[in-house]
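Data block below; observations after.
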Amino acid sequence: MAQVFTPLPSVPDHPALEEEILAWWEDHGTFERLREQNRDGKPWSFIDGPITANNPMGVHHAWGRALKDVFQRYRAQRGFDLRYQNGFDCQGLWVEVEVEKSLGLNSKREIEEYGLAEFAARCRERVAEYAGVITKQSKRLGMWMDWGADYMTFSDTNIEYIWRFLKECQRRDWLYKGHRSTEWCPRCGTSISQHELFAGEYKELEHPSLFVRFPLKGRDDEALVVWTTTPWTLPANVAAAVKPDAEYVLSDRGEWRARELAGDAEVVRTARGEELVGLEYEGPFDGLAAQDGVEHRVIPWDEVALDEGTGIVHIAPGAGGEDFELSRVHSLPVLAPIDEAGVFVSGYGPFEGLGTDEAAELIVEALREREILVEAGTIVHRYPTCWRCGTPLLFRVVDDWFISCDEIRQPMLDANADVAWTPPQYGKRMDDWLRNMGDWNISRKRYFGLPLPFYPCSCGQLNVIGSRVELEERATGGLDQLQELHRPWIDEVPIRCEACGEEVRRIPEVGDAWLDAGIVPFSTLGWENPERVEGGYGTGSARGLTTADLPDHSYWETWFPADWISEMREQIRLWFYSISFMGVTLAGRFPYKAVLTYEKLLDEHGREMHRSWGNAILADEAFDQMGGDIMRWMFCGQAPAQNLRFGYGPAKEIKRRLLTLWNSVGFLVTYANIAEWRPTWVAEPSSSHTLDRWLVARTQQLVSEAETAYERFWTPALTASFESYVDDLSNWYIRRSRRRFWNGEPEALETLWWSLVQAMRIVGPVMPFLPEHVWRNLVAGACPDAPDSVHLAGWPEVGEADGVLLEQVAEVRRVVELGRQARAQSGLKLRQPLRRLVVQGADGASPQAVEIAEELSVKEVEFGPVEASELRVKPNLPVLGPKLGKELAAVRGALESGRFEELDGGRFRVDGHDLGPDEVLVERHSKEGWAVASEEGLTVALDLALDPELELEGRARDLIHEVNGLRKEQGLELTDRIVLTLPEAQSELLAHEDWIKEETLAVKLAVDGGSSEPTIARAS
Ligand SMILES: [Zn+2]
Ligand SMILES: [Zn+2]
């Protein structure tokens, strides 16, 4: 008869096995069949946060993508209908920066020379290429999505939905153009919004540190001393700020500083800050044309810091955020020294045309020449850099477009109260962000992004276009060349002002990329769309790249809000924020009910991964070296509120633990094949054997724990439950049942088979490949009426676990564990049988005394008080001496002669005194001839006395062990029978002949006076 199950190799080759499964899924349409199977199920809505399609995915992306797949697979197992729509982020600064790099372009001027239409084409090509790469990688990770029907944020449909949102913002009077000082990336030539600033990195950078004199007018030989780390801002200085209530001192060198920061200078005079306010001084660069007519004066500012610098702050409103705010309060002139590339503009004399770093050297030189440089050094400090290109940020005063947050702040806070955050503390972080968020800066002075549909008119009207139809109605020309809504084509379509009828043009700015991703809960679900359009999402740049439909409004009603979303923690300020903002604006609520968020991925030593540090692991490399299952196990085993340490070390450890599972499957396969046993696809096994009943109960318990973990979106509980289950299955059930498998007992085979099969079902979402591989072997190959994939088998329906039995075996395992400790102390081999074990404190285990006896090789197990240990209590002299004084001697005598009473909590009553745990020294000794171990209320004692009978049995066990070693060495099959020949010296062992034969599969046992070692030969 052919073998029912395919024998397993000794270790699994995870990557190879996974490639096979992927091909099998592909060939058998497994995912499509799953979707079909659940088509009438209740909807469970997941909305994917888009991954940027401009590079291959990293292992940190794989973490999030694995979690998304885990919970989608789980819900599908429970029969829910899912959408499985993947999203790609396709436009905005990050795509532009990568394309610039690949084309060798270094500035906005070079992009314009290259041509916007060509540039847009290159951006689209890059997105198409990397959407393909990421799709392939995600499949390799085991992620099931509706690949090919992805949403792509650069589709015209997506853009139109954002236009509608912006028009709604205008209707509510939230849109405005702000003249502001903003963080600016001189390389990207655009402002950086508040949330992008948080996403960027603070780097340790070295900057100049200058102390500069500002001579006071009308006060000979007196000067303010200011401190700056940005010399390039000095040519734009217009004021100096002091803290009004701080004390300032004038040194004998004629320099004003705050007292705290004046060092040990000789003080000539003191003044409160407010007394200095209004004084005028000579600016450091009064000769520059840009400085014409500027009157430099001292202003008050409560925020002046007194922990570094001089307590007098140089103010340049055109080059600093707070400086700009102060200029409004104090009506200061605003000098904007640099252009969008960070280069000095005209009016700045020798600095014109220089970058800020280049200018800094000349500036220091000029200060020195004019003898107003007090001190020049350098400082290393944390400084913000561009989140896309890493360039240190500058401040510029520019016009940007904003959405006011004032009205929406409270409704957003209210809406957040309804969201279930995992882990819960992240909900509070969202609240913090919402309380502190500034107005949303939505404009970027760039090219390949959402075209902001703003057409301001000189009559004062701000025309905002809300759809393509509206654009076509109001256009005065250019529609024939409008191939898509991107620049440069959109810029060629002027419209008529709705107020005065004049022709007006679009502003050149594009939008913040978080608008693109934020609209997704509306644009992909067909919000307010009257009729479903097949393939209707693949418009504009997305045409030909996706088959996604544009659904109708009833679809939106079904799938909005999402039941669950998941992204990493930094998305609180980014995607979670933008979808929530748009959700509250358009639908009055957050577009999600529950969130799982997680921390950062580091290398296995806890350092950030950087390619330049040589510690980065590429996703493809991880797939090839570890395999998707191992990666996913690592991701899922991680508590999400802590950083994940990812690497080959942890992967090896996971492989080792999963090997126990593999070996258990291999064990079943081996003995089931020998017994020619065949499973049937049925309900729970009905064996009445205690071990079988226990494994069934243990499996039921696993299923229930797994359900709880998945329902709580808490995978670490699942991986922990599973690993503990596999340990029980292998190190208790199989250990204790070996003989039954050798005998081919169908009840044991059926129980182990059923249990492994259920375990594969519950772990399939976390680790989709290995369980499928096992399923193909154990189930699909053996039961024609069973589903051919574990992922089509649904969630196991199991009965209530027998809690009493589980508790009983848990106690038995504790007793056995302690018994092994006691044996280890005794120095006797486990193969040496002993007469007696006494167990105190685990009466629940008594029905299974036989199991304990066998495991520990003892003849009897008694449950009752252990008298084999001696309690010795001595006074702790340094403590007790001073306390008891003269009475110490009596107490010591009573303790020595055992006249004491043991109380709770380690206390003792002796001779009328109650002694605390710190007042005595307690020792427990095994009595002569016993080995005792105890732990948390459980004590076991092994009687170590040997007699000839026990000794002989011990020798017989040694022989069995040795012979089975020989069988292995000589490559015998598990079923091969042997002839065993013993040397004369071992002839006594014939007393155990039957037993030895049974244990070694010997058909004959002979004694040969000529040999000195036992020998075996295959029986013919
Ligand atoms: Zn940049
Ligand atoms: Zn007008």
Side-chain angles (χ1 to χ4, degrees), residues 52 54-55 89 91-112 119 123 126 167 170 173 175-177 181-203 205 232 321 338-343 355-357 382-396 398 400 441-449 453-466 470-471 473-477 493-507 509-514 570 574:
T52 309
N54 72 352
N55 273 312
D89 222 344
Q91 60 186 9
L93 194 49
W94 47 72
V95 176
E96 287 193 36
V97 168
E98 292 298 331
V99 171
E100 276 181 77
K101 270 196 236 163
S102 70
L103 294 174
L105 304 177
N106 275 313
S107 67
K108 288 168 69 172
R109 189 179 45 80
E110 288 178 29
I111 295 174
E112 283 170 18
F119 187 69
C123 289
R126 187 171 182 98
K167 194 158 177 104
Q170 189 209 21
D173 208 14
L175 287 180
Y176 70 93
K177 182 172 163 183
S181 178
T182 171
E183 276 89 355
W184 185 270
C185 174
R187 202 219 66 87
C188 296
T190 188
S191 52
I192 299 293
S193 76
Q194 197 185 359
H195 53 244
E196 288 171 318
L197 187 65
F198 282 114
E201 240 187 303
Y202 275 73
K203 287 189 187 153
L205 294 178
W232 69 270
I338 53 172
D339 69 8
E340 62 173 33
V343 170
T356 53
D357 287 345
R382 286 166 54 73
Y383 194 84
T385 58
C386 174
W387 68 301
R388 270 292 115 199
C389 71
T391 304
L393 298 179
L394 304 172
F395 269 95
R396 278 192 78 215
V398 288
D400 268 323
N441 178 341
I442 55 167
S443 60
R444 302 288 180 271
K445 293 170 172 46
R446 296 293 305 188
Y447 308 104
F448 191 67
F454 301 162
Y455 296 75
C457 178
S458 54
C459 77
Q461 178 69 20
L462 171 62
N463 297 278
V464 176
I465 293 292
E470 187 184 350
L471 179 72
E473 281 168 7
R474 293 175 59 183
T476 56
V493 185
I495 63 161
R496 210 162 286 295
C497 172
E498 61 196 334
C500 72
E502 278 300 304
E503 188 178 86
V504 281
R505 305 196 77 89
R506 198 185 74 84
I507 59 165
E509 280 90 346
V510 296
D512 176 10
W514 297 107
E570 70 172 11
L574 302 169

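We count ligands from 1, going down the list as the structure has it; atoms in each ligand are counted the same way.
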Query raised in the report: What does the angle at the Zn ion (ligand 2) come to, between atom SG of Cys497 and atom SG of Cys459, rounded to 10°?
Result: 110°
Report summary line: From the list Glu498, Arg496, Gln170, Arg506, side chain to side chain contact (heavy atoms under 4.5 Å, CB included) with Asn463 holds only for Glu498
Query raised in the report: Pick one: which of Arg505, Glu502, Glu503 meets side-chain hydrogen bond (donor to acceptor under 3.5 Å, both in side chains) with Thr476?
Result: Glu503
Query raised in the report: Could Asp400 and Lys177 be called an ion pair, given the rule that one side-chain N must be under 4.0 Å from one carboxylate O?
Result: no
**Report entry** Pairwise distance CG(Asn54) to CG(Asp89) - rounded to 0.5 angstrom
**Finding:** 9.0 Å
**Report entry** Salt bridge present between Glu470 and Lys167 (N-O < 4.0 angstrom)
**Finding:** yes
Requested in this report: Could you tell me whether Lys445 and Glu340 make a salt bridge, using a distance below 4.0 angstrom between a side-chain N and a carboxylate O?
Outcome: no
Query raised in the report: Closer than 2.8 Å to the Zn ion (ligand 1), which protein N, O or S atoms?
Result: Cys185 SG, Cys188 SG, Cys386 SG, Cys389 SG
